[in-house]
Structures are given as C-alpha cells and as structure tokens.
Amino acid sequence: MPRGPATRIPGLLDGLNAAQLEAATHENGPLLILAGPGSGKTRVITRRIAWLCTERAVDPWRILAITFTNKAAREMRERVEKLLPAQGAWISTFHAMCARILRREIEVLGGYTRDFTIYDTSDRNQLLKQLLKDANYDTTRFKPSMVGAWISDWKNGLSERDPAVTFVATEGEDTADTGIESEVFVRVRGMYEAALKKQNALDFDDLLVKVHQVFDEHPGIRDAYASRFLHVMVDEYQDTNHVQYRLTKALASVHGNVAVCGDPDQSIYAWRGADIRNILDFEHDFPNPRIVKLEQNYRSTTTILKAAQALIEKNTERKPKDLWSEKGEGRKIVVLQCADENDEAREIAQQIQGLVREGRAHKDVAVFYRVNFMQRALESALRMARVPYQIVGGQEFYERREIRDLIAFAKLVMNPSDDVAFRRVVNVPSRGIGDKSLEVLAQFAADRRLTLAQAATSTEALSSIRGRARSGLESFGALVARLEPLKEAAAGIALEQILEEIGLEKWMAEMDDDTGVDRQANVDELVTFAHAYDAMVEDSKRVANPAQGVEALEGGLRGFLQDIALVSDTDAMKDDTDKVTLMTLHSAKGLEYPAVFIAGLEEELLPHARAIAETTGSNPESGIEEERRLFYVGITRAEERLFLTHAQQRMFFGEYGFRSPSRFLSEIPPQLLEGYEPDREEDEMLGAYETKAEESFAVGDRVEHDHFGRGTIDRLQGAGVNARATVHFPAHGTKTLLLQYAKLKRLNKEGR
DNA sequence: AAATCCGCGTTTTTT
DNA sequence: ACGCGGATTT
C-alpha cells in the first residue's frame, strides 16, 4: 500500500442519521444520493471522503469530487481538510478539472499547446462578431451572442443532436427563411471552431468537450485517469449536462465507484444544457446502484419547509418526496407589497435593521433576486441605510475595462496567437493604430493564415501600413517581445512587469474619464491577488509529494490565468465578514442563511417572462416549472425567517411598468403567511394573490377612490391581476391604477 | 485617428 | 437608464 496504516478519526460518523450513515459508508459500486434541501449532503460527502481514506485506506489523491461552483469546491476542500490531515484529493468543478487535465494532455489532439487560452463568454462573442463581420453577415440579424448560445448548446449536447433548425425557429424573429439562417449558423460555427484552433484557444464548453475527445481518441489516457481515481463523486448531479455525464462515465469506467448526489427539485440549469434525465436515469446508466434518500431537513422551520413543499408539489414533472424536520414551527413568512423597486429596497433595508436590532448579525441575512439588474436599487437603499453588504456574482470585477486589458496583455504573453487579446490591447495605451490599419493587418494575416501577432512582425505586412500606425505596430510588437520571458514568471511579478512596460501612467491618464472609477485601485487589487496566488502556490509546493501522487498547483502566470478564467466573483465571497449578502437565486444554490429575503415576486420576473413564453419541449409548462424550482431553491435557503417582497410598479428599460404579484405567492398556503386571519380577512388575502373575475368597468364610468375622490375612467388596459384603469380625477389629475389594489367604487348616474 | 453625438436594444440565470 | 456601435466631427 502506498499509504501507511490509516489513522482512525474518532467520532467521524457520530451524529449521522441512518440514511446519512448508509451513504457515507457505502463502499463499492454506484451510489445515488437523493438529497432534499438541508438534508446534510455536504456533510455526508465530506465524511464519506474521510471515511474512505481512514477506514478503507484509500489514498486521498485517488479521490475525485466534483462540485458545481468553485466556491462549493473550496468549502468542501476546507471541510475535508478539517477532518483529514492528508491532502491531495481532487475537489473542483468540471471545468477546473478539465482545464487541469488539458494542461497536461491537450497536445495529443494536435494543434494545441499547454499554453492555450480560455475564452470566456464575452471573448467568445467578440470573436464571433469579428468572424461574422469578416464574412459580411449582418451582426444585428445574426447576433454574436445568439450564435454563441447556439454553439454552446451544440457542444453541451455533444453533437448528439444538432439544434440548428429548432433553435433558429424558436429564437429567430421570422421563420420564413429559417433554412438560410441555419445554414449561416452552421457555416459560422465552422469558422469559429477553426479560429479557436488557430488561436490555440478554448471556450468554456471546449474544456469539457476536448477532455471528452482526448478520452475518446486515446483510451490509454482515459484509463490512466479512470484507474487513478478509485472513487468519483459528483455533487448537484441534477444540473449536469450531457458532456459532463459522459465524462463521469469515462472517469468511473475502471472501478465503477461513482457516487452522485442531487435533487431533481433543485434543477435550475436546463437553459444551459443541464439534463435532468442524468439523475432520473442514473439507475439505468449505472446499473444496480444503491439508492439513498435524505429526507430529514436540518435547516428550516416547519413553516418554511411546508411552504416549499406546497409550492414544489405544483410541479407535475417530479418524483414525490417527503421532507420533514424536527425544528419547530418558527415565525410566519412575511409578504411585503411595495410601491416600486426603491420602496421595496428601502423596506428590505428597514426589515434588516429590525432583525439586527433583535440581535441578528448582518451576515445571517441574504437577499435574493431573479435578475442582476435588481441589485442596483437594493444596493443604494442598503448604502443609504448604512447596512453593510456584499454582492456575489455579476462578474463585476473581472468585467472592468482595466482588468480585462491587463489580463489580455498577460494572455498575449502566454499565447501570442490569441487574436481576441491582440485586438483588445493593440492600441492600449493608444499608439495610433485604428480600425483601418488593423483591417489591413487582419487581411494580410488571413491571406497567409497567420495570427495577428505573426503578421505584426512581418516587414511585408508593415510595409503596407504607413505613418503613425506603422510605428505604433512596431512598438507594440517590440513590447510583446520584451514581455515574452514573463511566460514562466510568477503571476505577481509578471503583472507588475507588464504594467511597467505598457506605461501605467499614460494608460491610466487615458482611461481617466469623468466617472471617477478608481481604476488604479482595481489594478492594484489584481496585482495583490496575483501575489497572494503565488504565495498559495509556494505553499502547495511545500506540501506536494509527487511520489504519493500529491501534485502541487500549476502556479505561475500560466496557472493564474487558468484559474481566474474559471473563477467568478462568487468565489471571492467571504463569510467571515459581518455583511448582508446579495445574490441572484441561481447563485444561492447550496447556501443557507438564518434570514432570507426574496425580492421581486412578480409575474414576468419570477416566473421570468422568457420562461412564461417558453413553449419548447414536450411540456408547455416546463419553463414555469423550472422557475418554480428556482423559487423553491430560494425558499429552502432560509433557516428561520423568510421575507417575500413584490412591487406594484418597477422600472424597466427606463420606464415604469405595472406589476402583478407572482402566481407563486398564491401557491403558498395562506395560513403560513404573517397577517393571515382566517375569520375576517380571508377574502382579502386571497383577493390579493389570486386572479379573480374583475368587477366590470367601462370607459366613461364615474368612480370613487379612497384617496383621490371621484373621477371618470378614460382608459382600461390589461386583464386579471394586471387589469388597470386610467382615471381622470378633477382634484388630482389623471392616474393609472391597478384595479386589484385601487378598490374603485363605481358610482351610478346620480353619483351614488 | 480620436473625440463626440445619437439611436437603439437591452435584462434571465453561470462555468 | 445605460452602454454600445455607427456616424459625424475635429
């Protein structure tokens, strides 16, 4: 045995319930853990890893655990490290794992080197836009983001199905020339794939696809990994897509020890290719698995759990499951109706202050929302109320221009063939190189199948460019050449060197526009982060033990670029600071907080309009059902307090629109809501959240309003909960009112 | 080539 | 409301 006798960990399995114990100590063969929210599955996985290592003498480095996000990976690693002194388990996301494998293996595919660049979604769209332009396609008709989404769909389905026709038919505006459109898509896809290869670049989906390809074409390599990993575990299995399923299968192909964990009710990524059949068909894909259901919830009060349960039972496409909890009833759920998004944000800030007064810490509170733009109003209200907060996701930091520029320089150092990076920074800071001369260069490059960087060093190409542009290109070429040795440098040193060479002063001065953004501070932050990264790498080298299979991190500028390409801001979230956390519902998966706010419970927001319109798939309700699961995920993050808010009006695209409460609100049993009084107010409560037949009004009717007095109806719009009337009140002017709330009384001809 | 202005679409959700 | 791309100046 490569490892010494296993050290037993006293109390490792203490406190596990029967089902958890069964899962944690399952030995060989497939294992399916169906885990309800808050049922302690992370606990099971971490204990299981520790149990295998100590009780079954499995070397940690022979364990592979896949999580959905980098943050989840980090947390799991920390929890395992607390249990186990020995290190070396691979705990990462599919993407990070694949990047790591490709760094070592990609050269067998031919044409790629280990210095490959990773293109994120915006790099991808940038490249597509360039290709579409070069091919003279109208980029408003063929939007790069749309083509990109379609290509992504194709890759995630691993070419099993070709979505060409259906995609265009559902997303495109006119279906008349669908055939032509899909032809263009296919053609652009070919150009895109060729460009990626030429540029030694992979997009996010390629990370998975190329590993699959390596495994497929080189069974020896596949077997090497599959033999190495004695146990493979995949968390959030309900959100895996087809490529990920295939990779799981390949990695488990030698030992067959695959443990997956998930909850079909929390599947919220169908839109990016997640295939819920992976978990539903697990028994078929990996025959005779042990199946363990974790149904005891340790997180939420029964009030919260009942609400979640009642809601999710409205979904038709699900397997029934019985969640229960020994926690008490706790407080009722609070529903707050607000005037608009600012009122909503203020209300949330106020409620948080109330919770803090009751003795809760800020970090015990989270606010969730459906779409990122809702973050703005919340942020400003919290700032005004002096409530400390942090925001998860939104990619904010890495989206900043100065950060992207600096990273583009670094990518160019690592991979001079990266044309997207080249275009981005060739004129940063300005060297007099404009579109015209760039086009000349690009044309030259295209004619001879060169990358832009190669063309830029050709005297022949330069001779066709005159004046300032020429000297600019020359000096840029010289700059890139000077930076070349940094390829093998530590990340922090490399970035500092780059900044020095490009002329930080001039660069900053040029970017210094009105906005007063502290770009210098952002750049400093990235450099500081790079130094911290280098330190971490040094640490990992110290504990590395190649003889036992414990590898050090890749490190250097190369490793740094790889890591930041896959890391989002979500991962930078600290939970040791006492701040309220703001995030989208999607980011909330896997987390828990004593108090949770979910904002924007309105039709067309949650469920989102796009999901309502969705008619693809066999089930016309499937879009709605995914939204319902998303809300379910949100609710089940809450331990004790749950607040749901909705606004009557909300700013959209710079205009206020009337909003009706989400249908999901009416799916929560009213007796779980605060303010519910069965005797007197039942009608009113129901009235607020259910679509009822509207009292009929007509244009010209005389009406009376509690506040505005008497008036005349000018206009009627909308129906059901969205019905509204534009009324002219002599005393207050013209108002548009939601009939559902306005309680308008119709007056007869005598004015009574 | 760079600066300024206008019009348009934009908002799901993330690795 | 805002950022981007395209058009129009300087």
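Scope of the values below: all heavy atoms of this structure, side chains included, with no hydrogens, waters or symmetry mates. Letters A, B, ... mirror the listed sequences (proteins, then strands); counts begin at 1.
- Atom-to-atom, CD of A:Glu626 to C1' of B:dT14 comes out at 13 Å; the value is rounded to the nearest Å.
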request  = Go through A:Tyr119 and A:Phe204 one step at a time and tell me if the ring pair (Phe, Tyr, Trp, His ring centres under 6.0 Å) criterion holds.
outcome  = CA-CA 7 Å; A:Tyr119 282 168; A:Phe204 276 149; over 10 Å; no
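- Using bins of under 30°, 30° to 60° and over 60° for the plane-to-plane angle, the ring pair A:His586/A:Tyr269 lands in the perpendicular bin.
- Atom CE of A:Met374 is separated from atom P of B:dT13 by 11 Å (rounded to the nearest Å).
- Note on A:Lys71: every side-chain N or O is 4.0 Å or more away from OP1 and OP2 of B:dT15.
- A:Asn156 places its CG atom 16 Å from the P atom of B:dT14, with the value rounded to the nearest Å.
- Taking 4.0 Å as the cutoff to heavy atoms of chain A, we find the contact window on DNA chain C bounded by C:dA1 to C:dG5.
- To the nearest angstrom, P of B:dT15 lies 9 Å from CH2 of A:Trp271.
- With hydrogens and angles left out, the side chain of A:Thr121 and the base of B:dT14 share no donor-acceptor pair within 3.5 Å.
- Along DNA chain B, the nucleotide nearest to A:Asp435 and the one nearest to A:His95 differ in position, and the one closer to the 5' end is contacted by A:Asp435.
- Listed pair A:Thr584 / B:dT14 meets the phosphate criterion, a side-chain N or O lying under 4.0 Å from OP1 or OP2.
- Rounded to an integer number of Å, the gap from CG of A:Leu585 to P of B:dT11 is 19 Å.
- Atom CZ in A:Arg470 sits roughly 18 Å away from atom C1' in B:dA1 (whole-Å rounding).
- Within the structure, every side-chain polar atom (N or O) of A:Ser430 is placed at least 4.0 Å from both OP1 and OP2 of B:dA1.
- For B:dT14, neither phosphate oxygen OP1 nor OP2 lies less than 4.0 angstrom from any side-chain nitrogen or oxygen of A:Asn70.
- Ring orientation note: the planes of A:Tyr225 and A:Phe215 are tilted relative to one another, at an angle of 30° to 60°.
- Residue contacts for A:Asp205: at a heavy-atom cut-off of 4.0 Å it reaches no nucleic acid atom on any strand shown.
- Side chains of A:Ser152 and A:Asn156: a donor-acceptor N/O pair is present below 3.5 angstrom, by distance only.
- Of the candidates B:dT14, B:dT10, B:dA1, B:dA1 carries the atom nearest the A:Arg468 side chain, counting heavy atoms from C-beta on.
- In this structure, the OH atom of A:Tyr369 is 16 Å from the P atom of B:dT11, given to the nearest Å.
- In the set B:dT11, B:dT15, B:dG9, the nucleotide with an atom closest to the side chain of A:Arg610 is B:dT11.
- Distance, A:Phe476 CZ to B:dA1 P: 16 Å, rounded to whole Å.
- Side-chain contact annotation: A:Gln266 with A:Tyr632, donor-acceptor N/O pair under 3.5 Å absent.
- In this model, a donor atom of one side chain and an acceptor atom of the other lie less than 3.5 Å apart for A:Glu402 and A:Asn522.
- A:Tyr269 comes within contact range of the sugar-phosphate backbone alone, with a heavy-atom separation under 4.0 Å but no base atom that close.
- Distances shown here put every side-chain N or O of A:Thr140 at or beyond 4.0 Å from the OP1 or OP2 atom of B:dG9.
- Two residues, A:Ser437 and A:Phe652, neighbour DNA chain B, and the one matched to the more 5' nucleotide by heavy-atom proximity is A:Ser437.
- Cation-pi contact between A:Arg277 and A:Tyr245: absent, since separation from the ring centre below 6.0 Å together with deviation from the ring axis within 45° is not met.
- Looking at A:Lys589, A:Arg318, A:Arg629, A:Arg628 one by one, the single match for salt bridge (charged side-chain N to carboxylate O under 4.0 Å, His left out) with A:Asp265 turns out to be A:Arg318.
- The aromatic ring of A:Phe68 is not stacked on the base of B:dT15, since the criterion of ring centres less than 5.5 Å apart with planes inclined by under 30° is not met.
- Contact check, A:Asn427 against B:dA2: a side-chain N or O comes under 4.0 Å of OP1 or OP2.
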